[in-house]
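For reference, the structure is listed below as structure tokens.
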Amino acid sequence: MSTVLQTTPIQDGFHMPGEHERHDEIWMAWPERNDNWRLGGKPAQECFVDVAKAIAEVTPVTMTVSAAQYDNARGRLPENIRVMEMSTDDSWMRDIGPTYVVNNKGERRGVQWEFNAWGGLVDGLYSPWNRDNEVAGKICDSYREDSYKAGFILEGGSIHTDGDGTLYTNEECLLHPSRNPDMTKDEIEQALKDHLGVEKVLWLPDGLYNDETNGHIDNLIHIVRPGEVILSWTEDKEDPQYEISQRAYEFLSNATDAKGRKLKIHKMHIPGPLYFTAEEAAGIDMSEGMEREEGERMAGSYANFLITNGRIILPLLDEKWDGEARKVLETAFPDYEIVGVPAREILLGGGNVHCITQQVPAV
């Protein structure tokens, strides 16, 4: 049996490890929502399969899927990928899955956040979201591992940790009135420390331009290792992203982490800018919450990659900049294999490789 504990991870000696540490499993969720994925989700499903295959060569993968799509997913995925029936409202496992914490005794527990579809009734992207909000608890139950209920709204894509005491997030998202308006910045910071076992929170100002999640940190930066980060970048002063990246660079350049280290920053040029084509927009059901119209700028980012067990899954988004992104990663991660996966279909839904995956750390 798994128990929902009444303590906090920091009280029990648990902390969130960095993504660069070993993984036992990666979880994903099958895309099928017609008002987010075009043509009934078929192009996106093909892309999710490619991502899952690339991960499964180094880390076991579980794909959750609705009952209606179970046979389809099972037929499209290779046998070495576990397919599990589980109800969701969409397929952003980073944001709906549990965040795992570990201790030095080889124990692991999940943290269940509250999920409100990136904004609830203020500016959420869809309603209802109750099935998504139940996913974290179901995954913890599947391992028969204990968990904590944090009791406040947070998405996994809005936090990055180095596993060595430092958490990175940003004010645009976590202080947005659609998340936890009854909590002050200091209260949110303390809650993050309590539930992730970190010593210091670095608050960047903004997220990536036009990111409909209110600016998730995983679209703007990625942590290489303690004291080292990758930052989404552009030299184009006419691009609204330019000022955002400049502010982030200035903040990171003047910051020190929990252990007093100055940060090494790798600049990674953004793709595009990338926009919805008429054909892409026409294949998506119209809805109230999500902007899926011709000419809408997408929040494209190479920083939205996944690190898992000696391999990096890099979204390929723009022939002009794909090679440059690969070079940045080869410099930052000399001991890792870089595997690129064409990922425009994921971006059309509003995120990328990091957003559709959630790791379970090894113990």
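Since we're looking at a predicted model, the values are computed, not measured. Below, each value reflects all heavy atoms present in this structure, side chains not excepted, and no hydrogens, waters or symmetry copies.
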For [X] versus [Y], what's the shortest heavy-atom pair and its separation?
X	Y	answer
Glu345	Cys47	CB-CB, 4.2 Å
Leu77	Ala52	CD2-CB, 4.1 Å
Tyr100	Pro361	CB-CD, 3.2 Å
Leu347	Ala299	CD1-O, 3.6 Å
Glu155	Cys173	OE1-SG, 4.0 Å
Glu212	Gly349	OE2-O, 3.8 Å

Does one side chain, of [X] or [Y], offer a donor that lies under 3.5 Å from an acceptor on the other?
X	Y	result
Tyr242	Gln246	yes
Thr308	His23	yes
Arg179	Asn214	yes
Asn352	Tyr302	no
Glu57	Asn80	no
Glu25	Tyr143	yes
Thr59	Asn309	yes
Ser87	Arg131	no
Thr277	Glu280	yes
Arg22	Gln359	no
Thr256	Lys200	yes
Asn103	Asp12	no

Pairing residues for Arg297 by the side-chain contact (heavy atoms from CB on, under 4.5 Å) criterion, not counting sequence neighbours: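 Here the qualifying residues are Tyr209, Asn210, Asp239, Pro240, Gln241, Ile270, Pro273, Tyr275.
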Using modelled atom types and a 3.5 Å cut-off, is there a donor and acceptor pairing between side-chain atoms of [X] and backbone atoms of [Y]?
X	Y	answer
Thr99	Gly156	no
Ser301	Asn219	yes
Asp322	Leu316	no
Asn170	Gly215	yes
Gln45	Pro31	yes
Asn304	Cys355	yes

Atom CD of Glu250: over 12 foreign heavy atoms under 6.0 Å: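 Not more than 12 within 6.0 Å, no.
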Flag if over 12 foreign heavy atoms under 6.0 Å of NZ, Lys262: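 Above 12, so yes.
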With a 4.5 Å cut-off on side-chain heavy atoms, are [Y] and [X] touching?
X	Y	value
His266	Glu228	yes
Thr169	Glu189	no
Asp257	Leu263	yes

Under the ring pair (Phe, Tyr, Trp, His ring centres under 6.0 Å) rule, collect the residues that match up with [X], sequence neighbours excluded.
X	result
His176	none
Phe251	none
Phe48	Trp37

Stepwise salt bridge (Lys or Arg N to Asp or Glu O under 4.0 Å) check, Arg108 with Asp24: CA-CA 11 Å; Arg108 179 176 62 208; Asp24 273 350; 3.0 Å; yes
Between [X] and [Y], does the ring centre distance come in under 6.0 Å?
X	Y	result
His269	Trp233	no
Trp118	Tyr126	yes
His216	His160	no

Worked verdict on Ser158 versus Thr213 for side-chain contact (heavy atoms from CB on, under 4.5 Å): CA-CA 9 Å; Ser158 68; Thr213 65; over 6 Å; no
Any residue meeting side chain to side chain donor-acceptor pair (under 3.5 Å) with Lys185, in chain and number order, not counting sequence neighbours: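 Result, side chain to side chain donor-acceptor pair (under 3.5 Å) vs Lys185: Glu171.
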How many angstroms lie between [atom1] in [X] and [atom2] in [Y], if you round to the nearest 0.5 Å?
X	Y	atom1	atom2	answer
Met93	Trp27	CE	CH2	7.0 Å
Ser147	Asp141	OG	CG	7.0 Å
Asp162	Glu21	CG	CD	9.0 Å
Arg292	Leu348	CZ	CG	8.0 Å
Trp129	Asp90	CH2	CG	14.0 Å
Cys140	Lys149	SG	NZ	10.0 Å

Connected-component partners of Leu154 among ILVMFWY, side-chain separation under 4.5 Å: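 Leu154 shares its hydrophobic cluster with Leu5, Phe14, Met16, Val101, Val111, Trp113, Tyr148, Phe152, Ile159, Leu167, Leu174, Leu175, Met183, Ile188, Leu192, Leu196, Val198, Val201, Trp203.
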Salt-bridge criterion met for Arg76 and Glu46 (N-O under 4.0 Å):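 Salt bridge absent between Arg76 and Glu46.
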Geometric cation-pi criterion, Arg311 with Tyr336: 6.0 Å, 45°: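 Not satisfied by the 6.0 Å and 45° rule.
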